[in-house]
Colleague: 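Dumping the structure here so I can ask a few things about it.
Heavy-atom basis, side chains included; hydrogens, waters and symmetry copies ignored. In this chain, residues are counted from 1 in sequence order.
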Amino acid sequence: MLRDVEVIAIDGPVAAGKTMVGRELAKRLDLRYLDTGVMYRAITWLALKNATPIEDEVALGTLADETPIMLDGSNSDRVLVDGISVGPELREAEVDRHVSLVSRVSSVRSALVAQQRRMASEGRIIVVGRDIGTVVLPNADLKIYITASSEERSRRRWKEFQAQGRETDYQSVLNETRARDDVDTQRDDSPLKPAEDAWVLDTDGLTGDEVVDLIVQRVNAEAQGGIACA
């Protein structure tokens with residue numbers, strides 16, 4: 001029996017390749033693409049821009065609740081933050097340093113989850129983040145948890161920083177990656193973990209194209225009749 005696969009949830013730790021894989025997968029399957037991490041970066045960027053104290057959880061929650069964030073047309077690298085189109089600003093080092101602290105605030109998460117669910121309710125979308133299959137979209141048609149070793153993920157992130165001209169060393173990136181993992185997996189609200197029915201995909205030793213190919217095969221298999229995720 002044919003089964004529609006219109007909502008795909010992709011989770012995983014920092015630098016696991018979710019963004020690249022999700023974006024390419026959306027192109028191949030002709031689906032919309034939402035990187036929820038960009039939304040948390042947007043609130044972090046706005047808080048820094050407005051001099052909102054990062055430690056003021058009430059102010060951060062209010063900011064997230066009162067700031068609409070929308071997809072910026074077909075450009076997956078940009079979002080509209082209260083009507084303002086932003087992209088590269090969200091990848092600045094200052095945002096990198098504070099986004100984990102902002103994203104673990106319960107009121108921020110609640111406000112953004114509500115927005116994410118509204119976007120996903122229209123269907124035909126791939127949603128990427130760290131709690132999509134477990135919290136945001138527990139009824140997604142397909143849940144994927146993309147992961148890799150902290151060393152592999154740090155190498156990828158280090159190369160990305162080099163390509164951007166950012167001066168940093170591998171050990172510093174590894175330390176930051178492990179610290180980010182600790183924050184994401186140990187937070188009280190929506191800790192990072194695979195959904196019970198998620199397909200856990202280890203990407204160590206795989207290229208981005210190979211990962212996308214595997215997921216396309218999985219989607220096709222699901223569409224043809226469904227298979228148990230393992």
Colleague: Under 3.5 Å, side chain of R104 to main-chain N/O of Q186, donor-acceptor pair present?
Modeller: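 Between the backbone of Q186 and the side chain of R104 there is no qualifying donor-acceptor contact (under 3.5 Å).
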Colleague: Determine, step by step, whether L48 and I54 satisfy the side chain to side chain contact (heavy atoms under 4.5 Å, CB included) criterion, reporting the C-alpha distance in whole Å, the side-chain angles of both residues, the deciding distance to 0.1 Å, and the verdict.
Modeller: CA-CA 8 Å; L48 294 169; I54 297 298; 4.2 Å; yes
Colleague: Hey, quick one: are V135 and L192 part of the same hydrophobic cluster, counting side-chain heavy atoms closer than 4.5 Å, chains of contacts allowed?
Modeller: no
Colleague: Are the side chain of E24 and the backbone N or O of V21 linked by a donor-acceptor pair below 3.5 Å?
Modeller: no
Colleague: Are any side-chain N or O atoms of S100 and backbone N or O atoms of R180, one a donor and one an acceptor, separated by less than 3.5 Å?
Modeller: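 No, because the side chain of S100 does not come within donor-acceptor range (under 3.5 Å) of the backbone of R180.
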Colleague: Can you tell if the side chain of I215 reaches within under 4.5 Å of the side chain of W199, non-hydrogen atoms only?
Modeller: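 Contact flag for I215/W199 side chains = yes.
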Colleague: Under 4.0 Å between a Lys/Arg side-chain N and an Asp/Glu carboxylate O for R178 and E151?
Modeller: yes
Colleague: Which value, rounded to the nearest 0.5 Å, describes the distance between T19 atom OG1 and Y33 atom OH?
Modeller: 4.0 Å
Colleague: Treat each ILVMFWY residue as a node, draw an edge where side-chain heavy atoms are under 4.5 Å apart, and state whether I84 and L80 are in one component.
Modeller: no
Colleague: Is the shortest heavy-atom distance from the side chain of V108 to the side chain of E57 under 4.5 Å?
Modeller: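 The answer is no; the side chains never approach within 4.5 Å.
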Colleague: Taking the side chain as every heavy atom from C-beta outward, state whether R117 and V136 have any pair of such atoms under 4.5 Å apart.
Modeller: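 The answer is yes; the side chains approach within 4.5 Å.
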Colleague: In terms of side-chain geometry, is the basic nitrogen of R28 or D213 positioned less than 4.0 Å from the acidic oxygen of its partner?
Modeller: yes
Colleague: Any non-hydrogen side-chain atom of L206 less than 4.5 Å from a side-chain atom of L214?
Modeller: yes
Colleague: Assess the side chains of D82 and T67: does a donor N or O sit below 3.5 Å from an acceptor N or O?
Modeller: no
Colleague: According to a hydrophobic-cluster definition based on side-chain heavy atoms being under 4.5 Å apart (Ile, Leu, Val, Met, Phe, Trp, Tyr only), do V113 and L63 belong together?
Modeller: yes
Colleague: Determine whether R91 and D35 satisfy the following criterion, salt bridge (charged side-chain N to carboxylate O under 4.0 Å, His left out), listing intermediate values before the conclusion.
Modeller: CA-CA 13 Å; R91 300 290 174 182; D35 179 357; 3.7 Å; yes
Colleague: Is the shortest side-chain N to carboxylate O distance from R153 to D202 below 4.0 Å?
Modeller: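 Between D202 and R153 there is no salt bridge, as every charged N stays at least 4.0 Å from the carboxylate O atoms.
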Colleague: Does the pair S150 and T177 meet the rule for a side chain to side chain donor-acceptor pair (under 3.5 Å), with working shown?
Modeller: CA-CA 7 Å; S150 58; T177 299; over 6 Å; no
Colleague: Using the rule given for side chain to side chain donor-acceptor pair (under 3.5 Å), can you reason through N175 versus Q171, listing the C-alpha separation, both sets of side-chain angles and the distance that settles it, and then say yes or no?
Modeller: CA-CA 6 Å; N175 292 341; Q171 188 60 48; 3.0 Å; yes
Colleague: Step by step, work out the side chain to side chain contact (heavy atoms under 4.5 Å, CB included) result for L201 and T147.
Modeller: CA-CA 6 Å; L201 180 55; T147 189; over 6 Å; no
Colleague: Show the numbers, then the answer: is there a side chain to side chain contact (heavy atoms under 4.5 Å, CB included) between V127 and I8?
Modeller: CA-CA 6 Å; V127 185; I8 299 175; over 6 Å; no
Colleague: Would you check if the side chain of D72 reaches a backbone N or O of S85 as a donor-acceptor pair within less than 3.5 Å?
Modeller: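 Checked: no pair found.
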Colleague: With a 4.0 Å cut-off on N to O distance, would you call R130 and D184 a salt bridge?
Modeller: yes
Colleague: Got R157 and V14 here, is their nearest side-chain heavy-atom distance under 4.5 Å?
Modeller: yes
Colleague: In plain terms, say whether K143 and D11 are close enough for a salt bridge, that is, a side-chain N and a carboxylate O under 4.0 Å apart.
Modeller: no
Colleague: Give, for atom CG of L112 and atom OG of S103, the distance between the pair rounded to the nearest 0.5 Å.
Modeller: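 Here the interatomic distance stands at 9.5 Å.
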Colleague: Same cluster or not: are I146 and L31 linked, directly or through other Ile, Leu, Val, Met, Phe, Trp or Tyr residues, by side-chain heavy atoms under 4.5 angstrom apart?
Modeller: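 Yes, I146 and L31 fall within the same hydrophobic cluster.
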Colleague: Under 3.5 Å, is there a donor-acceptor pair between the side chain of N50 and the main chain of T52?
Modeller: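 Pair absent, no side-chain N/O of N50 close to backbone of T52.
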Colleague: Does E89 reach the main-chain N or O of G87 with its side chain, forming a donor-acceptor pair under 3.5 Å?
Modeller: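 The answer is yes, because a donor-acceptor pair under 3.5 Å joins these two groups.
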Colleague: Taking the side chain from S110 and the backbone from S107, do they hold a donor-acceptor pair closer than 3.5 Å?
Modeller: no
Colleague: Using the side chain to side chain donor-acceptor pair (under 3.5 Å) definition, which of the options E152, R156, K18 pairs with T203?
Modeller: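 Testing T203 for a side chain to side chain donor-acceptor pair (under 3.5 Å) against E152, R156, K18 leaves exactly one candidate, R156.
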Colleague: Mind checking whether V7 and D141 have side chains closer than 4.5 Å, heavy atoms only?
Modeller: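 In contact.
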Colleague: Look up atom CD1 in I69 and atom CE in M119, then write down how far apart they are to the nearest 0.5 Å.
Modeller: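 Answer rounded to 0.5 Å: 7.0 Å.
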Colleague: Report yes if the side chains of V128 and T36 come closer than 4.5 Å at any heavy-atom pair, otherwise no.
Modeller: no
Colleague: In Å, rounded to the nearest 0.5 Å, how long is the span from CZ of R32 to CZ of R124?
Modeller: 9.5 Å
Colleague: Is the shortest side-chain N to carboxylate O distance from R109 to D131 below 4.0 Å?
Modeller: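 Looking at D131 together with R109, the answer is yes, because their closest N to O distance falls below 4.0 Å.
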Colleague: Examine distances only and state if a side-chain atom of W158 and a backbone atom of T168 form a donor-acceptor pair shorter than 3.5 Å.
Modeller: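 Between the backbone of T168 and the side chain of W158 there is a qualifying donor-acceptor contact (under 3.5 Å).
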Colleague: Please report the interatomic distance CG(L60) to OG1(T44), rounded to the nearest 0.5 Å.
Modeller: 8.0 Å
Colleague: Within a radius of less than 6.0 Å around CE of M70, do more than 12 heavy atoms belonging to other residues, nucleotides or ligands occur?
Modeller: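 No, CE of M70 has 12 or fewer neighbouring heavy atoms, counting only those of other groups under 6.0 Å.
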Colleague: For L25 and I126: C-alpha separation, side-chain torsions, deciding distance, then whether side chain to side chain contact (heavy atoms under 4.5 Å, CB included) applies.
Modeller: CA-CA 8 Å; L25 190 64; I126 293 172; 3.7 Å; yes
Colleague: May I ask you to say whether R97 pairs ionically with E176, meaning some side-chain N is under 4.0 Å from a carboxylate O?
Modeller: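 Looking at R97 and E176, the cut-off is not met.
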Colleague: Check R41 with D96, please: is the shortest side-chain N to carboxylate O separation under 4.0 Å?
Modeller: yes
Colleague: Have D65 and T62 got a donor and an acceptor in their side chains that come within less than 3.5 Å?
Modeller: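 No, no side-chain donor-acceptor contact under 3.5 Å.
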Colleague: Out of curiosity, Y145 OH to I132 CD1, how far, rounded to the nearest 0.5 Å?
Modeller: 12.5 Å
